[in-house]
Amino acid sequence: MMFYKKKRLFILMISLIIIVGLIGFSLRERTDLTIIEDFIHDSAGWAQEVINKPIAFTTGVANNIKEIRNVYRENQQLKSSLDEIRQLEYENQELTKEIDELKEVLDKSESDFLQNFEAIQASVIARSKDQWFKQITINKGTQDGVQPNMSVITGKGMIGKVQTSSPFTSTVLLLNGFDRTNRISVNVYEEDKETDSSGFIVGYDEESELLLLEMNDNDKDLEEGQYVFSSGLGGIFPKGLEIGEVVDVEADRYELTSIAHVKPSADLEELNHVIVIDRSMTTVDEIEEVEEQTEEDES
């Protein structure tokens, strides 16, 4: 029994001596390696290469995916920022338009012309679904003094008249919805003449998007660029409301009267704030002009 124990101890000591010797032999500086060392060295390098390539590929793919996610996230943030900028630009543009329109309405309300009338300021709250560009609804009604047939203007000119009125809202018929039953007696301002030419706005040309003006006679002095104003005759529209500018003139087929197309001074499509004019305060000039016109008709 003791023999076997001594034998195993002896073998263990011999093995340790050999291992230490091999370690010392391998650690010394050498330029030439043994065949076994070359094999082990090459095998280890090849194994490292085989293992490192998939790891490097997987790491690269993971980094690329992470980078793509970052780029996508940044792209979404940029798109969101661009959408917000577009929205802000649109809101700023709309606010600028509304401010300009309010300034025009305010200036018009404070003008000397409207001092002779009661001006009721109102805002557009809806458009007619059936006649989108021909009727609007405003937020003032009979409680505010608005009555049917009152004239409605903006800071740039006349846009129509009140068609119906309820206690808190009213419907306005725009100029592009006028026909011969809603014709307007007008004067055409001519700078070099003592008296203005007269006629009627009798309707709206859908094709040209212009008002139709029929003169009372064949006025050869009527020409492009002259401005058309309400004459005050007829009992509905006050005198002096700007309606539009003459853009072309022609004689009717019998050459008895002149026919003209008039571009409205006010934008009938972009309407937010308007002024309703109460004509109950009739001026002396209008009364005298109506009397003169009546005498001429009787004669």
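Computed over heavy atoms, backbone and side chain alike; hydrogens, waters and symmetry mates excluded. We number each residue from 1, following the sequence as shown. Here the structure is a predicted model, which is why all the values come from computation and not from measurement.
A salt bridge does not link E270 to K156: none of the charged nitrogens lies less than 4.0 Å from a carboxylate oxygen. Salt-bridge check for E206 with K134: passed, with a basic side-chain N closer than 4.0 Å to an acidic carboxylate O.
For the atom pair OG of S151 and NZ of K161, the computed distance is 9.0 Å after rounding to the nearest 0.5 Å. S197 OG to Q226 CD: the interatomic distance, rounded to the nearest 0.5 Å, is 7.0 Å. Of the inter-residue distances, the one linking D144 atom CG with S170 atom OG reads 8.0 Å to the nearest 0.5 angstrom. Residue M150 holds its CE atom at 10.5 Å from CD1 of I277, rounded to the nearest 0.5 Å. Annotation: the span from T164 atom OG1 to Q147 atom CD amounts to 11.5 Å, rounded to 0.5 Å.
Hydrophobic cluster membership of Y189, counting Ile, Leu, Val, Met, Phe, Trp and Tyr whose side-chain heavy atoms lie under 4.5 Å apart directly or via other members: Y227, F229. L78 belongs to no hydrophobic cluster with other residues, because no ILVMFWY side-chain heavy atom falls under 4.5 Å from its own, directly or through intermediates. Grouped with V202 in one hydrophobic cluster are F200, L212, the linkage being side-chain heavy-atom contacts under 4.5 Å among Ile, Leu, Val, Met, Phe, Trp and Tyr residues. Annotation for I68: hydrophobic cluster partners, listed by chain and number, are none (ILVMFWY side-chain heavy atoms under 4.5 Å, direct or chained).
Listed by chain and number, the residues in a side chain to side chain contact (heavy atoms under 4.5 Å, CB included) with S166 are T169 (sequence neighbours excluded). D179 pairs by the side chain to side chain contact (heavy atoms under 4.5 Å, CB included) definition with T181, N182, not counting sequence neighbours.
The shortest distance between side-chain heavy atoms of M215 and L222 falls below 4.5 Å. Residues N149 and V162 are not in side-chain contact: their nearest non-hydrogen atoms beyond the backbone lie 4.5 Å or more apart. You'll find the side chain of I153 reaches within 4.5 Å of the side chain of L241, heavy atoms only. In this structure, the side chains of V228 and L213 come closer than 4.5 Å at one or more pairs of heavy atoms. Contact annotation: the side chain of S258 never approaches that of E250 to less than 4.5 Å [non-hydrogen atoms, C-beta and beyond].
With hydrophobic clusters built from ILVMFWY side chains whose heavy atoms lie under 4.5 angstrom apart, I259 does not share a cluster with V188.
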